[in-house]
Each structure stands twice: as structure tokens, then as C-alpha cells.
Amino acid sequence: MPELPEVEVVRAGLAPAVTGATVAAVVVDDARALTRHAAGVADFCARLTGRRMLGAARRGKFLWFPLAPDGEGAPEAVLGHLGMSGQMLLRAAGADRERHERVRLSLDHPLHGELDLVFADQRTFGSLAVDALVPTDDGEPAGRGTLDPLLPAQARHIARDPLDPAFRDRAFVAAVSRTRSAIKRVLLDQGVVSGIGNIYADEALWSARLHPETPSDAISSRRAGRLLAEVRAVLERALAEGGTSFDAQYVNVNGQAGYFAHSLNAYGRGGRPCPRCGRPIERIAFTNRASHFCPRCQRMPEAG
DNA sequence: TAACCGACCTGATGGC
DNA sequence: TGCCATCAGGTCGGTT
């Protein structure tokens, strides 16, 4: 379940390998991995083959590799989203096929020589595309790993993430106060704040002592600011530990797992004691998924 | 327009 | 042992 820390680990791992590399060949094993590329497999391969990649950038859970200009055309990038189970793996040129391999880019790097970038994805919720780059709304760099104020058109609706220097805390606090939706729903809304998924939403709400179903407009500005601070803290801790791995679904570019699963306080701990007060963590259904929280530390505010 | 919900997808797991 | 149901959840489009 790659969320911001996991995607950032992947981005940072890929950056040295893809920056300056030329795409020598593209092999698509499964067209479902290109659902974001509406023009189809042949167009994807034709647009990408022979192009040079300029770096590895990320906003929220979206990754992209800007491409060197191709004639007079608009600036473009390879856009990727890992979905639920996507992996981007660096392998020696010609290495054996990976389980669930969907797309392989053969790269020629001026320093590292030939290597393969493999996109593998069990559940095929992730996908790649060659996408046009468009200007950011605020003129600031588009995300981590790039100084250009350009981001893929398909990621235009995605808000900045809380670790982005250009993230606007005030806009987040205002968005929280604007809606009656459950606060967890707001945290998962990638148009308000990006990079947070089910795991880190539960963890941040546990840290902030907020019930996941608290109506957002019942949360004071000060409390919303504290929640944002807890979001940042949990994301940074997870990043420092290499992300959260429950199984083989999330690994870095070398196939290694992260360690943050050992540090979780609420997510996946239903029935086990709250690390703060000892009361069993509750697990409740939440829009076709699950929320985990402490019924003592995270109480719903009194009505009225 | 905001809020909500189901579809998409595969593999692991548990119950019978 | 084998079959079936359930669960995991990010994003997007359709519905209310």
C-alpha cells in the first residue's frame, strides 16, 4: 500500500539511475499497466523509445520522470502511480522476468551503463503514461525532486503534500473547517492534501487524539494545525524507516522492505492494547475499508 | 456542487 | 484437499 513515504523511497532510489538515462527499448507485457495512457501500447512505446529522462519527481503518490524535449513538442514526462501494489525495480540489463512484471524499460545510462527499470504490479491498480507537463497553479516547483514549476496534466488536481515546502498550512486548515465530512475523509482527499493513505491517516489521527469520524467543521483551527503537525511527524518517521511493509507488496527499488510496520500505534492493531492507555484498539468499517482508533484516547466530540 | 459509493484487480487467508 | 467467500485499498467515474 504505497503512500507518500513508500513512494518517496522509490523516487529517491530511482533518481540516480534514471537521471540522464536514455530509454533504449520498451516492453509492455500487460496493457492494463497503461490505463493512464489513453493512446495505447504502441503510442506509449513510440513516444518513449529513444527519449532521455531528466530526473525523478514526486507529488503525493504520483511519480514522474521529465523527458528531454522532443523537437518542438510540449514538455512531457513518464507519469507513474503505484496504485495498491505497484513496484518500480532496478535490475541488471536482461535480468529474469519479475513475478507480476507489466512493463520493462531498458535504459542506457552514461555513467551506470545498461540497466532495466521494471514496473511490476500484482493488482494492476497502478499504471504508467507519457503525459504532457503543465504549469503549477502557484508557480512553485511542482514537487520533490524537481525545481521546474511543471507537473503532469494527470496530476494537476493533486494537492501538494505536507512535506512540500510550498504546502500552504492555512489552506489546509481552511479546507478542514469548510466541510462536515469526517476528518479521515478529508485526510484521504488528495485534492486537499496528498500522500496520505489509510495507514498514515489512522496513525496521524491516533497521534492527534482525533476520532476518525469527527466532523471536520467541529475541529478548531488550532486543533487542525496540530493534526497537520502530527501528519508531518508520522510521514517523516516512516520515511526515515524506509516506509511500511506488511508483505512483499511494498519494497524499494532493490526489492527490500521498510521497517515502519513495527512502529504503528493504531493501524492493523484492532483488539490489541493502545500503546498510550492500554484500551483495545477498535476496528470499524469506513467506506469499504477499515479505520483503527483508540476509543478512550480518540473520542467523538459531544454533540451540540 | 458536495458527498458518497462501487468497480477495478489478485493473492492470501479462513471456514466449511 | 478443494472450493468459496472475504479482505486488503488508491483512484476515478457515476449517482444522489
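By convention in this document, chain letters (A, B, ...) are assigned in the order of the sequence lines, proteins followed by strands, and residues within each chain are numbered from 1.
Rounding to whole angstrom units, CD1 of residue A:Ile158 and P of C:dT11 are separated by 6 Å. Atom pair A:Lys61:NZ and C:dG10:P shows a separation of 5 Å (rounding to whole Å applied).
Distances shown here put a side-chain N or O of A:Thr179 below 4.0 Å from the OP1 or OP2 atom of B:dA3. For C:dG10, the OP1/OP2 oxygens have a side-chain nitrogen or oxygen of A:Arg289 closer than 4.0 Å. Using a 4.0 Å cut-off, some side-chain N or O of A:Gln190 falls inside it from OP1 or OP2 of C:dT11. When the side-chain nitrogen and oxygen atoms of A:His81 are compared with OP1 and OP2 of C:dT11, one or more of them lie within a distance under 4.0 Å. Contact between the side-chain N/O atoms of A:Arg185 and the OP1/OP2 oxygens of B:dA2 is not found at any separation under 4.0 Å. At C:dT11, none of the side-chain N or O atoms of A:His157 fall inside 4.0 Å of OP1 or OP2 (strictly under the cut-off). For A:Arg180, no side-chain nitrogen or oxygen approaches OP1 or OP2 of B:dA3 to under 4.0 Å.
Heavy atoms of A:Arg36 sit under 4.0 angstrom from primed sugar atoms or phosphate atoms, though from no base atom. At a threshold of 4.0 angstrom between heavy atoms, the contacts of A:Thr35 with the nucleic acid are absent.
Nearest nucleotide to the side chain of A:Phe62, out of B:dC9, C:dG10, C:dT11: C:dT11. Here the side chain of A:Ser181 is nearest to one of C:dC12, B:dC4, C:dG10, namely B:dC4.
In this structure, A:Ser263 and A:Arg237 have side chains that are not in contact, with every pair of non-hydrogen atoms separated by 4.5 Å or more. The shortest distance between side-chain heavy atoms of A:Lys61 and A:Pro2 does not fall below 4.5 Å.
Atom CG of A:Leu105 and atom CG of A:Leu128 lie 7.0 Å apart (nearest 0.5 Å).
Ion pairing between a basic and an acidic side chain is recognised when a charged N comes within 4.0 Å of a carboxylate O; A:Asp161 and A:Arg58 show such pairing.
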